[in-house]
Colleague: 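Take this structure first; my questions come after.
What's counted below: heavy atoms across the whole structure, side chains too, no hydrogens, waters or symmetry copies.
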Amino acid sequence: MKIAVCIKRVPVMETKFAIAADGTRVDDAGLKYDVNDFDLWAIEAGLQLKEKNNNVGEVVAISLGPDAAQEQIRKALAMGADRGILLQAGSTPADGLAVARALAAELKDGGYDLILFGRIAIDSMNQMTGPMVAELLDLPCVTNVFRLDITGTTGRAERALEGASEVVEFPLPALLTIDDGLNKERLPSLKGIMAAKKKPLEVKPAQLGEARVAVQKMVLPPERAAGRILGDSAAAVPELVKLLQTEAKVL
């Protein structure tokens with residue numbers, strides 16, 4: 001089984017963010033980056049499928065971004081992916097369709113049985129890139145997958161819905177977006193980290209084309225108002241209810 005896993009380089013969310021001087025992007029100074037959480041679960045899913053297939057086939061980690069994104073691809077290789085591809089771009093465009101087109105151009109002739117994405121990118125909260133790639137490649141697409149079984153050339157997945165779930169059967173090749181709950185990603189071992197340094201990582205220009213969406217302005221959220229202590233006895237309850245009704249307007 002040949003599996004592609006598309007991963008995104010994202011800032012570590014615990015970092016304190018600042019807006020760059022041009023007002024349209026996050027200031028890179030002092031930021032740390034990692035693989036998008038949901039993409040880590042997609043990598044793990046690909047590795048487990050290969051292992052269930054007696055380690056026949058390969059798992060290819062693909063990312064689009066700056067040269068520094070090689071670090072995140074190396075992490076995927078250290079986890080167990082066989083090789084990596086970086087679609088080189090100065091930065092990741094805000095236009096998800098441009099990214100999808102570049103990824104689809106790389107994936108279309110790859111002969112992949114499965115293409116895996118994380119359900120959502122935790123920096124942009126964009127969860128459309130995977131489905132757009134499926135549309136561009138005319139592949140079956142199952143989103144929000146939290147249970148998965150592949151038998152031969154058929155897949156069976158359970159996907160999360162709002163307050164419910166849905167079981168879907170699909171033929172391969174197909175594209176899936178992986179939700180939390182499917183697995184927990186493995187940590188790279190020292191042996192894996194050393195092996196990753198020798199695994200192939202191809203770097204090529206991303207075929208982005210025209211980007212029709214751009215960030216015009218970024219602003220930080222307003223500072224939270226200081227909390228108010230009403231007391232620690234039952235006597236404070238009526239005032240609390242009143243404030244929830246008149247100020248917070250949540251009752």
Colleague: Once you round to the nearest 0.5 Å, how far does CZ of Arg83 lie from CD of Glu58?
Modeller: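 Those atoms lie 4.0 Å apart.
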
Colleague: Is there a donor-acceptor pair closer than 3.5 Å between any side-chain N or O of Asn144 and the backbone N or O of Arg119?
Modeller: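 Checked: no pair found.
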
Colleague: Would you please test Leu201 and Arg74 for side-chain contact (heavy atoms from CB on, under 4.5 Å) and show each step?
Modeller: CA-CA 8 Å; Leu201 198 170; Arg74 289 291 178 195; 3.6 Å; yes

Colleague: Check Arg212 with Glu210, please: is the shortest side-chain N to carboxylate O separation under 4.0 Å?
Modeller: no

Colleague: If you measure from CG on Asn55 to CG on Leu47, what distance do you get to the nearest 0.5 Å?
Modeller: 9.5 Å

Colleague: What's the separation between atom CD1 in Ile115 and atom CG in Leu139, rounded to the nearest 0.5 Å?
Modeller: 5.5 Å

Colleague: Would you indicate whether the side-chain heavy atoms of Glu185 and Ile43 approach each other to under 4.5 Å?
Modeller: no

Colleague: Tell me if a side-chain donor or acceptor on Asp27 pairs with a main-chain N or O of Ala29 at a distance below 3.5 Å.
Modeller: yes

Colleague: Can you confirm whether Glu135 is buried at CD, in the sense that more than 12 heavy atoms of other residues, nucleotides or ligands lie under 6.0 Å from that atom?
Modeller: no

Colleague: Side chains of Leu137 and Tyr112, heavy atoms from C-beta outward: is any pair under 4.5 Å?
Modeller: no

Colleague: Do Leu208 and Pro93 have side-chain heavy atoms sitting under 4.5 Å apart?
Modeller: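 Yes, at least one pair of side-chain atoms sits under 4.5 Å.
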
Colleague: Verify side-chain contact (heavy atoms from CB on, under 4.5 Å) between Met1 and Leu172, making sure each step is shown before the conclusion.
Modeller: CA-CA 10 Å; Met1 181 177 293; Leu172 301 186; 4.3 Å; yes

Colleague: How far apart are the closest heavy atoms of Ala134 and Cys141, and which atoms are they?
Modeller: CB-CB, 3.6 Å

Colleague: When you measure from the side chain of Asn36 to the backbone N and O of Ile122, does any donor-acceptor pair fall under 3.5 Å?
Modeller: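 Yes.
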
Colleague: Any side-chain heavy-atom pair from Asp113 and Thr153 closer than 4.5 angstrom?
Modeller: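 No. Closest side-chain heavy atoms not under 4.5 Å.
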
Colleague: Do other residues, nucleotides or ligands put more than 12 heavy atoms under 6.0 Å from Gln207 CD?
Modeller: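 Incorrect, the count does not exceed 12.
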
Colleague: Ignoring hydrogens and angles, tell me if any N or O in the side chain of Lys199 forms a donor-acceptor pair with the backbone of Leu77 under 3.5 Å.
Modeller: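 Pair found, side chain donor or acceptor close to backbone of Leu77.
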
Colleague: Honestly curious: do Ile120 and Met128 fall in one hydrophobic cluster under the side-chain, below-4.5 Å linking rule?
Modeller: no

Colleague: Looking at CD of Glu239 and CG of Leu244, how far apart are the two atoms once the value is rounded to the nearest 0.5 Å?
Modeller: 10.0 Å

Colleague: Would Val167 and Val145 show up in the same hydrophobic cluster when neighbours are defined by side-chain heavy atoms closer than 4.5 Å?
Modeller: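 Unlinked, Val167 and Val145 end up in two clusters.
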
Colleague: Quick one: closest heavy-atom pair of Thr92 and Leu64, and the distance?
Modeller: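 Residues Thr92 and Leu64, closest heavy atoms: OG1-O, 3.5 Å.
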
Colleague: For a quick test of reading the model, state the closest non-hydrogen atom pair linking Gly23 to Ile19 and the distance between them.
Modeller: CA-CG2, 3.7 Å

Colleague: Hydrophobic clusters here meaning ILVMFWY residues chained together by side-chain heavy-atom distances under 4.5 Å, can you tell me if Val133 and Ile178 are in one?
Modeller: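 As far as the 4.5 Å side-chain criterion goes, Ile178 and Val133 are not connected within one cluster.
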
Colleague: Between Tyr33 and Asp123, is any side-chain donor less than 3.5 angstrom from a side-chain acceptor?
Modeller: no

Colleague: Does one hydrophobic cluster hold both Leu114 and Val168, with members joined at side-chain heavy-atom distances below 4.5 Å?
Modeller: yes

Colleague: So does Glu44 pair up with Arg186, basic N to acidic O under 4.0 Å?
Modeller: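 Answer for the salt bridge query: yes.
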
Colleague: Under 4.5 Å between any side-chain heavy atoms of Lys32 and Asp34, yes or no?
Modeller: no

Colleague: What heavy-atom pair brings Ala61 and Ala76 nearest, and what distance separates the two atoms?
Modeller: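 Where Ala61 meets Ala76 most closely, the heavy atoms are CB-CB, 3.7 Å.
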
Colleague: To the nearest 0.5 Å, what is the distance between CZ (Phe17) and CG (Leu31)?
Modeller: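 These two atoms lie 6.0 Å from each other.
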
Colleague: Applying side chain to side chain donor-acceptor pair (under 3.5 Å) as the test, list every pair that has at least one member in residues 214-232; sequence neighbours left out.
Modeller: Arg228-Glu247

Colleague: Within the structure provided, determine whether Lys75 and Leu40 are in side-chain contact (heavy-atom separation under 4.5 Å).
Modeller: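 Contact flag for Lys75/Leu40 side chains = yes.
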
Colleague: Do Asp39 and Val5 pass the side-chain contact (heavy atoms from CB on, under 4.5 Å) test, and can you show the C-alpha distance, the side-chain angles, and the key distance before you say yes or no?
Modeller: CA-CA 8 Å; Asp39 300 346; Val5 185; 5.6 Å; no

Colleague: Over all heavy atoms of both residues, which pair between Ala157 and Phe170 is shortest? Give the atoms and the distance, please.
Modeller: CB-CE2, 3.8 Å

Colleague: When Ile, Leu, Val, Met, Phe, Trp and Tyr are grouped by side-chain heavy atoms lying under 4.5 Å apart, directly or through other members, which residues fall in the same group as Leu190?
Modeller: Met194

Colleague: Going through the distances and angles, do Lys8 and Ser124 end up as a side-chain contact (heavy atoms from CB on, under 4.5 Å)?
Modeller: CA-CA 11 Å; Lys8 185 178 184 184; Ser124 64; 3.5 Å; yes

Colleague: Are Leu87 and Lys204 side-chain neighbours, meaning at least one heavy-atom pair lies under 4.5 Å?
Modeller: yes

Colleague: Look only at the side chain of Ser63 and the backbone of Ile7, and say whether a donor-acceptor pair between them is shorter than 3.5 Å.
Modeller: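 Yes, Ser63 side chain to Ile7 backbone: donor-acceptor pair under 3.5 Å.
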
Colleague: Quick check on Gln245: does its CD atom have over 12 non-hydrogen neighbours (other residues, nucleotides or ligands) under 6.0 Å away?
Modeller: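 Yes, enclosed.
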
Colleague: Give the cluster check for Leu49 versus Trp41: same hydrophobic cluster or not, with ILVMFWY residues linked at side-chain heavy-atom distances below 4.5 Å.
Modeller: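 They do share one cluster, since a chain of ILVMFWY contacts under 4.5 Å joins Leu49 to Trp41.
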
Colleague: Atom CD of Glu158 and atom CG of Asp149: how far apart are they, to the nearest 0.5 Å?
Modeller: 12.0 Å

Colleague: Taking the side chain as every heavy atom from C-beta outward, state whether Asp179 and Phe38 have any pair of such atoms under 4.5 Å apart.
Modeller: yes

Colleague: Can you name the closest pair of heavy atoms from Gly111 and Lys2 and give their distance?
Modeller: O-CD, 3.7 Å

